[in-house]
Asks: 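Encoded as structure tokens, here's the structure I'll be asking about.
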Amino acid sequence: MNLNLKVWRQNSPDEKGQMVDYQLEGISEHMSFLEMMDVLNQKLINSGERPVAFDHDCREGICGSCSMFINGEAHGPVKGTTTCQLHMRSFKDGDTIFIEPFRANAFPVIKDLVIDRSAFDRIQHSGGYISVNTSGNTQDANATPIPKENADLAMDAATCIGCGACVATCKNSSAMLFVGAKISQYALLPQGQVEAKDRAQNMVAQMDAEGFGNCTNTGACEVECPKGISLSNIARMNREFLDGSITK
Amino acid sequence: MSTLDGKIPGGPISEKWTNYKNKVDLVNPANKRNIDVIVVGTGLAGGSAAATLAEQGYNVKAFCYQDSPRRAHSIAAQGGINAAKNYQGDGDSVYRLFYDTVKGGDYRSREANVHRLAEVSTNIIDQCVAQGVPFARDYGGLLDNRSFGGVLVSRTFYAKGQTGQQLLLGAYSAMNRQIARGKIKMYNRHEMLDVVIVDGKARGIIARNLVTGEIERHSAHAVVLGTGGYGNVFYLSTNAMGSNVTAGWKAHKRGAHFANPCYTQIHPTCIPRSGDYQSKLTLMSESLRNDGRIWVPAKKEDAQAIRDGKLKPTEISEEDRDYYLERRYPAFGNLVPRDVASRAAKERCDEGHGVNATGEAVYLDFAAAIVRYGKEQATIKGEDNASESRIKELGKAIVKAKYGNLFDMYKQIVADDPYETPMMIYPAVHYTMGGIWVDYNLMTSIPGCYAIGEANFSDHGANRLGASALMQGLADGYFVLPYTIGSYLSSDIRTGQISTDTKEFDEAEKQVKERIDSLVNNNGTNPVDYYHRKLGNIMWNKCGMARNEEGLKEAIKEIAELREDFWKNVSVPGKANELNQELEKAGRVADFLELGELFAKDALERNESCGGHFREEYVEKSGEQKGEALRDDKNYAFVSAWEYTGVPSEAILHKEKLEFNDIELKQRSYK
Ligand SMILES: Cc1cc2nc3c(=O)[nH]c(=O)nc-3n(C[C@H](O)[C@H](O)[C@H](O)COP(=O)(O)OP(=O)(O)OC[C@H]3O[C@@H](n4cnc5c(N)ncnc54)[C@H](O)[C@@H]3O)c2cc1C
Ligand code: SF4
Ligand code: FES
């Protein structure tokens with residue numbers, strides 16, 4: 001198939017970027033979206049131009065590196081899918097495709113489609129862990145049975161890949177789905193409950209400090225999240241946060 | 001040639017590690033504060049090591065090339081992690097895990113290391129659960145297990161199909177706690193480009209800031225490499241796009257021996273390739289072989305009709321299917337180890353029974369499992385007269401609960417529904433058992449430079465069992481290195497900070513800069529990928545699932561020529577002092593072009609078939625085992641550790657003799 005691409009090009013963080021047009025011919029429907037981008041880049045290199053910078057690594061939907069805003073949607077048109085798992089069969093011959101970086105104040109553009117998501121890491125530093133040392137004599141893993149239902153819910157929350165699509169999608173650039181998922185994972189497990197209150201307080205404070213917006217319950221994040229992280233995690237986070245505020 | 005000393009402690013195998021720990025030198029907590037350790041890599045191995053060393057009080061600087069430690073390639077591991085917990089009461093034990101690993105590795109691993117691995121395996125699960133890793137549980141709230149290839153017990157712990165992700169997020173969370181305490185300084189988007197040796201000891205690294213292009217010097221009292229495997233030397237593999245050998249290769253060039261580079265694991269269950277544009281291959285977890293049955297059409301005409309799109313697999317009757325693993329290996333069936341399963345698939349496809357348009361695929365079929373589970377569920381639910389469609393419905397629900405995300409992934413890539421039609425799979429490069437040589441302390445042949453996780457060579461011999469890489473990464477990082485490194489660092493308590501303002505750092509930095517400059521100023525005509533693909537082709541065709549003398553000799557020559565051409569004609573657009581992904585790739589491919597040659601040389605020199613290294617000349621010629629790999633324990637029960645001399649194929653061979661005191665060497669039989 002033949003495609004018209006409109007791709008965000010921006011050389012450095014302080015430079016103003018712009019959309020640039022490219023034509024691509026002979027794209028196979030079996031290609032992944034990133035393989036299509038590879039074809040574009042080989043073409044650019046062959047004609048002496050600068051290839052488009054974009055983050056990617058695993059190319060199987062798990063590392064959370066890839067982060068394109070495609071035709072106005074984070075990770076493109078297919079639900080439950082990261083950009084690297086999107087295939088060209090979701091497009092048709094002659095389509096115009098807009099490709100932009102994830103945008104949010106807390107995610108500055110570094111170059112082209114590459115953004116700085118280190119704010120997510122800093123939120124995790126503020127409380128995204130259980131304080132346990134590696135000693136080799138923690139209690140036996142089966143000493144505390146955990147109801148399957150809770151274990152499964154914790155797992156669902158833990159599948160967040162930290163891609164930032166929720167932030168990019170939200171009109172307020174809120175990171176509540178991401179933070180809610182982490183807080184929920186721990187809140188649902190007995191091991192995590194000891195520090196639960198402080199954790200919620202600290203992570204929410206850091207989230208605010210990073211410049212993410214507030215949640216106004218539009219639910220767009222859940223729709224665009226490639227891992228189907230549920231809004232109920234935000235509700236759980238709010239409960240944990242309020243509990244912490246009251247007891248403090 | 002010399003003989004290498006693995007520094008294996010004395011005593012009976014089951015007491016070596018305990019004795020070692022009881023006697024090892026410790027660094028007192030106050031002194032740890034004065035000692036810096038660099039950890040390159042934040043996968044399971046590097047991440048767990050960084051967190052634990054920081055917990056103990058060392059000042060850790062950790063590096064990864066991704067934008068966050070959480071994105072290391074370990075994140076992609078699907079199936080699970082082994083541990084000798086014997087929660088299922090099916091006869092598992094530390095000894096059995098040790099035995100299975102040594103046997104699975106085709107008797108080419110170091111016994112003492114493997115035993116230690118099996119011993120600490122149980123601690124890993126306890127540690128991870130304490131960290132909040134949400135492993136799968138049964139309805140009683142206890143941990144669930146599955147079984148993996150090459151073993152007869154159920155000892156694999158898992159978190160849906162995302163075990164690596166959950167374990168890595170556990171290690172990442174432990175790192176975060178130490179980053180918050182200021183004990184780990186994290187350098188994201190940094191690539192290590194050299195190790196710096198001062199007075200014969202590893203004392204730092206040269207790294208490139210991938211955002212600004214700046215070349216930085218970092219010093220420490222010891223350098224730990226947890227930089228993963230080098231499967232991407234084949235271009236197409238299941239590894240992440242950025243996985244590379246650069247860190248290990250630079251250490252090799254500075255004196256670290258590289259061990260058994262030719263031991264590569266080709267994983268039997270990957271999604272077949274679809275076209276020339278293919279950038280990577282996707283693994284379907286081996287856990288699928290618990291329930292999926294592997295087959296090809298028994299008649300070549302049927303296979304041809306399928307390739308031509310005239311016949312569907314579901315239209316082939318049971319009699320006309322060849323469940324070749326069940327036929328050839330009745331004891332293990334579909335659960336034979338990976339190397340055996342991969343070669344058997346290749347053999348069938350080479351004989352003309354392959355499916356998919358390319359003829360390079362076999363079926364992995366869940367129809368029988370769906371019916372089996374469906375009937376079980378109908379009985380549990382008291383639906384004695386359940387219809388066929390009801391049984392299928394119930395069965396599908398179970399299969400979905402077990403493998404749902406894998407089935408979804410398959411559907412997304414291939415656009416076929418594996419609940420209705422069998423999956424197509426084909427072997428792909430997946431893991432490298434070879435790596436930097438280390439002694440029992442996990443120290444490389446450079447004093448003060450350690451290698452852990454997939455980057456080292458020690459535990460998996462010539463073939464790794466499923467779910468054992470995650471175990472090894474975390475064992476090394478959480479439980480082994482933090483002890484062994486202490487014995488080295490205890491002599492450094494009075495050294496003081498290592499200066500980066502020395503001629504050794506000057507020289508290393510200069511070399512790194514010169515190489516980068518020659519790449520960006522080359523004005524060649526071929527993109528980096530052009531070379532990477534070509535290298536991959538040579539590797540796959542001549543150093544892949546089956547190797548022979550002639551092909552390997554050709555490979556050595558062709559890779560050397562390709563490398564020469566690369567340095568003349570590669571085109572790297574952009575500048576050195578900016579984010580430049582082509583430059584990053586160019587540096588990695590340049591190193592693969594050297595490693596590939598050593599790889600072929602190693603395969604050529606090993607005149608036997610063992611594990612993932614299959615030489616067509618060395619097979620059983622007759623009897624029940626006809627066609628199976630023929631190991632030569634008399635002449636090749638050693639580790640090949642190569643010393644760099646300037647030209648990869650002229651590396652000097654050092655041997656570490658492998659002694660098996662606790663396990664009898666036998667031909668692996670899975671029949
Ligand atoms: C698809 C897939 C599925 C798998 N499933 C399983 C499974 O179910 N069970 C199992 O046991 N094993 C599995 N494996 C194998 C296992 O995942 C790996 O062997 C293991 O995770 C490797 O961990 P590691 O810590 O050694 O390295 P990695 O996780 O590869 O980490 C390497 C780290 O080094 C960094 N790095 C590399 N080079 C440099 C450099 N030059 N400078 C700076 N940083 C650098 C990277 O940024 C990264 O942080 C699977 C592998 C694949 C590919
Ligand atoms: S919650 Fe979903 S969209 Fe947000 S970072 Fe996690 S996986 Fe991505
Ligand atoms: S590249 Fe890893 S999730 Fe897309």
Side-chain angles (χ1 to χ4, degrees), chain A residues 12 28 30-31 34-35 38-39 42 45-46 48-51 53 55-65 81 85 87 89 110-111 114 116-118 120-121 124-126 128-134 136 138-142 145-148 151 154-155 158-159 162 185-186 189 191-192, chain B residues 51-52 55 66-68 70-71 73 75-76 85 87 120 123 125-127 129-132 134 137-143 159-160 162 165-166 169 173-174 176-177 179-180 188 211 240-242 274-275 277-280 282 409 412-413 415 478-479 482 527 529 571 573-574 578-579 581-582:
Chain A
S12 67
S28 153
H30 296 300
M31 276 183 195
L34 296 186
E35 283 165 351
D38 292 342
V39 172
Q42 294 302 300
I45 295 168
N46 284 331
E49 287 176 67
R50 211 166 48 75
D55 268 326
H56 66 104
D57 203 25
C58 73
R59 295 205 176 189
E60 48 187 67
I62 191 75
C63 73
S65 294
T81 305
Q85 291 174 298
H87 278 73
R89 63 180 87 93
I110 295 175
K111 182 175 194 167
V114 176
D116 177 357
R117 280 171 290 194
S118 52
F120 269 12
D121 281 330
Q124 304 277 21
H125 302 163
S126 72
Y129 50 81
I130 290 173
S131 301
V132 54
N133 278 352
T134 319
T138 37
Q139 69 170 5
D140 183 81
N142 258 350
I146 300 175
K148 180 167 168 54
M155 176 65 200
T159 51
Q185 177 197 340
Y186 291 139
L189 299 170
Q191 293 83 352
Chain B
T52 308
E55 235 168 56
Q66 293 92 346
D67 69 332
S68 164
R70 67 176 291 156
R71 305 203 203 284
H73 166 62
I75 199 103
K85 279 286 198 187
Y87 282 161
V120 302
N123 296 338
I125 304 303
D126 299 341
Q127 180 66 24
V129 166
Q131 282 171 347
R137 289 175 183 269
D138 60 24
Y139 285 97
L142 301 178
L143 293 164
K160 282 203 176 154
Q162 288 114 290
Q165 178 194 30
Q166 294 313 316
L169 293 182
S173 73
N176 286 334
R177 179 168 163 237
I179 293 173
N188 298 329
V211 175
M241 299 297 286
S274 72
Y277 46 78
Q278 192 103 24
S279 60
K280 75 156 282 175
T282 304
M409 190 156 98
Q412 233 154 19
I413 296 174
Y478 282 137
F479 297 112
D529 282 0
S571 147
E578 60 177 1
L579 188 151
Q581 294 172 324
E582 286 297 311

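Chain letters run A, B, ... following the sequence lines, proteins first and then strands; every chain starts at 1.
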Asks: At a heavy-atom separation under 4.5 Å, does B:Q127 approach chain A through its side chain, its backbone, both, or neither?
Replies: both

Asks: Under a 4.5 Å heavy-atom cutoff, which of B:A159, B:S274, B:A174 has the most pairs with chain A?
Replies: B:A159

Asks: Should B:S173 and A:I130 count as side-chain neighbours, where that means a heavy-atom distance under 4.5 Å?
Replies: no

Asks: Go through the atoms of A:N142 and report whether side chain, backbone, both or neither lie under 4.5 Å from a heavy atom of chain B.
Replies: both

Asks: B:F479 versus chain A, heavy atoms under 4.5 Å apart: side chain, backbone, both or neither?
Replies: side chain

Asks: Between B:G574, B:A415, B:G242, B:S571, which shows the greatest number of heavy-atom pairs under 4.5 Å with chain A?
Replies: B:A415

Asks: Has B:D126 got a side-chain atom pairing as donor or acceptor with B:V129's backbone, closer than 3.5 angstrom?
Replies: no

Asks: Using salt bridge (Lys or Arg N to Asp or Glu O under 4.0 Å), reason through A:D140 and B:K85 one step at a time and then give a plain yes or no.
Replies: CA-CA 10 Å; A:D140 183 81; B:K85 279 286 198 187; 2.9 Å; yes

Asks: Please determine, among A:G48, A:S65, A:A151, A:S118, the option with the most heavy-atom pairs under 4.5 Å with chain B.
Replies: A:S65

Asks: Report which part of A:H30 has an atom under 4.5 Å of a heavy atom belonging to chain B: side chain, backbone, both, or neither.
Replies: both

Asks: Does any N or O in the side chain of B:R71 come within less than 3.5 Å of the main-chain N or O of A:C63, such that one atom is a donor and the other an acceptor?
Replies: yes

Asks: Heavy-atom pairs under 4.5 Å with chain B - which of A:D38, A:V39, A:T81 has more of them than the others?
Replies: A:T81

Asks: So which part of A:S126 gets closer than 4.5 Å to some heavy atom of chain B, the side chain, the backbone, both or neither?
Replies: neither

Asks: Can you tell which of A:G192, A:G136, A:G61, A:G128 has the highest number of heavy-atom pairs within less than 4.5 Å of chain B?
Replies: A:G136

Asks: A:S28 versus chain B, heavy atoms under 4.5 Å apart: side chain, backbone, both or neither?
Replies: side chain

Asks: With a 4.5 angstrom heavy-atom cut-off, could you sort out which part of A:T159 is near chain B: side chain, backbone, both or neither?
Replies: both

Asks: In chain order, what residues pass the salt bridge (Lys or Arg N to Asp or Glu O under 4.0 Å) check against A:E35, with sequence neighbours excluded?
Replies: none

Asks: Which region of A:I146, side chain (C-beta onward) or backbone (N, CA, C, O), has a non-hydrogen atom less than 4.5 Å from a non-hydrogen atom of chain B, or is it both or neither?
Replies: both

Asks: Is the side chain of B:K280 donor-acceptor paired with the backbone N or O of B:A240 at a distance under 3.5 Å, no angle test?
Replies: no

Asks: Please rank B:Q278, B:Q162, B:Q165, B:Q131 by heavy-atom pairs under 4.5 Å with chain A and give me the top one.
Replies: B:Q165

Asks: Only pairs of heavy atoms separated by less than 4.5 Å count here; which of A:V114, A:L189, A:I45 has the most with chain B?
Replies: A:I45

Asks: Among B:L579, B:D67, B:I413, which residue has the highest count of heavy-atom pairs closer than 4.5 Å to chain A?
Replies: B:I413

Asks: Quick one: which of A:T138, A:N133, A:D116 has the most heavy-atom pairs under 4.5 Å with chain B, could you say?
Replies: A:N133

Asks: What part of B:P573 gets within 4.5 angstrom of chain A, counting heavy atoms only: side chain, backbone, both, or neither?
Replies: side chain

Asks: Can you sort out the partners of A:R50 under salt bridge (Lys or Arg N to Asp or Glu O under 4.0 Å), two or more places apart, ordered by chain and number?
Replies: A:D112

Asks: Whether the side chain of B:E582 engages the backbone of A:P51 through a donor-acceptor N/O pair (distance < 3.5 Å, no angle test) should be reported.
Replies: no

Asks: Looking at OH of B:Y478 and CD of B:E55, how far apart are the two atoms once the value is rounded to the nearest 0.5 Å?
Replies: 8.5 Å

Asks: So, B:Q166 side chain and A:A158 main chain: donor-acceptor pair closer than 3.5 Å or not?
Replies: yes

Asks: Looking at CZ of A:R117 and CG of B:N188, how far apart are the two atoms once the value is rounded to the nearest 0.5 Å?
Replies: 11.0 Å

Asks: Report yes if some heavy atom in the side chain of A:S131 is under 4.5 Å from a heavy atom in the side chain of B:R177; otherwise report no.
Replies: yes

Asks: Which bit of A:Q185 comes within less than 4.5 Å of chain B, counting heavy atoms only: side chain, backbone, both or neither?
Replies: side chain

Asks: Any idea which of A:P147, A:G64, A:A154 has the most non-hydrogen atom pairs under 4.5 angstrom with chain B?
Replies: A:G64

